[in-house]
Colleague: 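Okay, here's the structure, questions in a sec.
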Amino acid sequence: MNNIEFDKRHIWHPYTSATEPLPCYEVTGAAGVELTLATGEVLVDGMSSWWAAIHGYNHPVLNNAAKQQLDDFAHVMFGGITHQPAITLTKQLLNMVPAGLNRVFLADSGSVSVEVAIKMALQYFACQGQPNKHKILSPRNGYHGDTFAAMSVCDPINGMHSLFKNVLAEQVFAPAPQTRFGQTWNEDDILPLQELLEKHQHELAALILEPIVQGAGGMRMYHPEFLRRARQLCDEYDVLLIVDEIATGFGRTGKLFGCDHAQITPDIMCLGKALTGGYMTMATTICTEDVALGVCQGAPGVFMHGPTYMGNPLACAVASASLSLIEQGDWQTQVPNIERWLNHYLAPCAELSAVADVRVLGAIGVVETKTPVDVAKIQAHFVQAGVWIRPFGKLVYVMPPFISKEHHIKQLANAIYTALK
Ligand SMILES: *Cc1c(COP(=O)(O)O)cnc(C)c1O
């Protein structure tokens, strides 16, 4: 049995059928912006391995960080133990995130960091003697992960709500932000959120949202004023603001964080994906001193969460190296360049009859089609065109590594154009 056959028979892939799986491509190497397939093709990567590999693959600085830490020690429990990689990483994070955030919980994946954020918000109000404030408000079209609390705040239509109706916590949903990034702000856009906060404040612990770009729930880019107003409203109605920066964090939207477009500080922030530059799984939930103290007031007096691999030193060391590359600042010219190239080379797609919309922000380019694409078919075309792009539904989108050059972006955009044509 060859690898592809074996894989098909025994290995689960993301959102894939066990009986009729979509075709899989075997990768044998990855360096810079290129993936090499077992069949010999070399593909320009348009996905950064789902927002993560911002510096490209096989990066010498990240490789070195992993190797050095490996020779020191790979892992120790975090209960009662600390270590330099966690200290260094936390210092760097606190220097980057909006002022006021200052307690860092190291989680093992994005979904877990969202679970932790929601648990913090619930425990915060439970410990203030307000256990009735236990629901979460979330705009539609959101995506926050695949675990149960995270699923409960994902978009109720394109998420998994109907499938797990009986077990998912019932949350409160607001209409998605309507004013697009770059459009003139429409004051009506914030009214539904205000009405829901007014009506449900007694039972709401938090508002959770993805700042500026809603990712997997629709790849929608919205006006920073929505975020600014959401912050004000949360203060007004005594509801915590959880900002899920797992996709938007670390420069992807043109600012270091989505929050920076609106210059706000959330009460709780989730980071993941690009945190380790795409090397290994790690995420973090960062909260303000007020939240941390609130959570630990009264019984049980501690925050009730602690993953086995919490603060994994290998992941911390690589994340720290990745943040050092970000601190050097090249992303501040790379991302606007990619934005310009995406705007230029994706523009012709808008003329195609199959295309409903083309939109770009930072190093994110989205072509929305009128009907869902045939993933197997379009992927075969992309591989033939020398690119790696993985669409879902009506969304053909790219978020390439920041080190991508103009000719890479051109190749990605041309492949999308010819596929949709
Ligand atoms: C990917 C993602 C998550 C989930 O992260 P995982 O590491 O896949 O668990 C949560 N929120 C947002 C906004 C994401 O893009």
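For ligands, and for the atoms within them, numbers begin at 1 and follow the listed sequence.
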Colleague: Please tabulate, for the side chains in residues 190-200, all donor-acceptor contacts under 3.5 angstrom to protein atoms that are two or more places apart in sequence or on a different chain.
Modeller:
from: E198; atom 1: OE1; to: Y237; atom 2: OH; distance (Å): 2.7
from: H200; atom 1: ND1; to: E203; atom 2: OE2; distance (Å): 2.5

Colleague: Taking salt bridge (charged side-chain N to carboxylate O under 4.0 Å, His left out) as the definition, give me every residue that meets it alongside R231, ordered by chain and number, with sequence neighbours left out.
Modeller: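 With neighbours one apart ignored, the set is D235, D267.
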Colleague: Aromatic contact between Y345 and Y417, with the criterion being ring centroids under 6.0 Å apart: yes or no?
Modeller: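 Ring centroids of Y345 and Y417 are no less than 6.0 Å from each other.
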Colleague: Under a 4.5 Å cut-off applied to non-hydrogen side-chain atoms, are D189 and H223 in contact?
Modeller: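 Result no, sub-4.5 Å side-chain heavy-atom pair not found.
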Colleague: Name all residues meeting the side-chain hydrogen bond (donor to acceptor under 3.5 Å, both in side chains) criterion together with N102; count only those two or more places apart in sequence or in a different chain, and write none if there are none.
Modeller: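 N102: side-chain hydrogen bond (donor to acceptor under 3.5 Å, both in side chains) contacts with E289.
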Colleague: Using a threshold of 4.0 angstrom between heavy atoms of the protein and any atom of ligand 1, which residues qualify?
Modeller: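 Near ligand 1, by chain and number: S109, G110, S111, Y143, H144, G145, E210, D244, I246, A247, K273.
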Colleague: So, for H55 and F402, is the gap between ring centers shorter than 6.0 Å?
Modeller: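 No; F402 has its ring centre 6.0 Å or more from that of H55.
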